[in-house]
A.B. asks: 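Below is a structure I'd like to ask you about.
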Amino acid sequence: MPLVTAPITIGERAWIAADVFVAPGVTIGDGAVVTARSSVFSDIDPWTVAAGNPAESVKKRDFLSRETQPVV
C-alpha cells in the first residue's frame with residue numbers, strides 16, 4: 001500500500017488543541033476550533049467547534065462584534 005500524502009490546510013484564527021490527529025487532505029476553516037484529542041478525517045467548516053473521534057461539528061461559533069456589545 002503506498003504512502004498517502006496530501007496537504008493539510010489550516011485557516012486563519014483556527015485553534016487546534018493538544019493531541020489532535022488531522023488526516024491528509026483535510027481543510028480546517030478560518031476560525032474553527034478542534035477540541036483536544038479529536039481525530040479529524042473530513043473538512044471542518046469555518047467558525048465551527050468540532051470534537052470527537054471522528055470529529056463532528058458541535059456548534060457554530062457565534063459572537064458579538066465590539067460595535068454591537070452592550071456597554072456596562
A.B. asks: Check step by step if side-chain contact (heavy atoms from CB on, under 4.5 Å) holds for Ile10 and Ile8.
C.D. replies: CA-CA 7 Å; Ile10 300 175; Ile8 295 171; 4.2 Å; yes
A.B. asks: Of all heavy-atom pairs between Gly25 and Asp43, which one has the smallest distance, and what is that distance?
C.D. replies: O-OD1, 4.0 Å
A.B. asks: Honestly curious: do Val22 and Val34 fall in one hydrophobic cluster under the side-chain, below-4.5 Å linking rule?
C.D. replies: yes
A.B. asks: As a quick check of understanding, evaluate salt bridge (Lys or Arg N to Asp or Glu O under 4.0 Å) for Asp30 and Arg13, giving each step before the final call.
C.D. replies: CA-CA 6 Å; Asp30 292 342; Arg13 298 185 180 176; over 6 Å; no
A.B. asks: Does atom CZ of Arg61 have more than 12 heavy-atom neighbours from other groups under 6.0 Å away?
C.D. replies: yes
A.B. asks: Run Thr35 and Trp15 through side-chain contact (heavy atoms from CB on, under 4.5 Å) and show every step you take.
C.D. replies: CA-CA 8 Å; Thr35 63; Trp15 296 357; over 6 Å; no
A.B. asks: Let's go through Lys60 and Asp45 carefully: what are the C-alpha distance in whole Å and the side-chain angles of both, what is the deciding distance for side-chain contact (heavy atoms from CB on, under 4.5 Å) to 0.1 Å, and is it a yes or a no?
C.D. replies: CA-CA 9 Å; Lys60 289 297 231 181; Asp45 292 333; 4.1 Å; yes
A.B. asks: Decide yes or no on side-chain contact (heavy atoms from CB on, under 4.5 Å) for Ile16 and Ile28, but give the supporting numbers first.
C.D. replies: CA-CA 9 Å; Ile16 311 297; Ile28 297 175; 3.5 Å; yes
A.B. asks: Between Val26 and Phe21, is any pair of side-chain heavy atoms under 4.5 Å apart?
C.D. replies: no
A.B. asks: Please say whether more than 12 non-hydrogen atoms of neighbouring residues, nucleotides or ligands are located less than 6.0 Å from NZ in Lys59.
C.D. replies: no
A.B. asks: From Thr48 OG1 over to Glu56 CD, what is the distance, rounded to the nearest 0.5 angstrom?
C.D. replies: 12.5 Å
A.B. asks: Ignoring hydrogens, what is the shortest heavy-atom contact between Ala17 and Ala36? Give both atom names and the distance.
C.D. replies: CB-N, 3.3 Å
A.B. asks: Within the side chain of Ser38, is there an N or O that forms a donor-acceptor pair under 3.5 Å with the backbone of Gly52?
C.D. replies: yes
A.B. asks: Of all the heavy-atom pairs spanning Phe41 and Pro54, show the shortest one and how long it is.
C.D. replies: CD1-CB, 3.8 Å
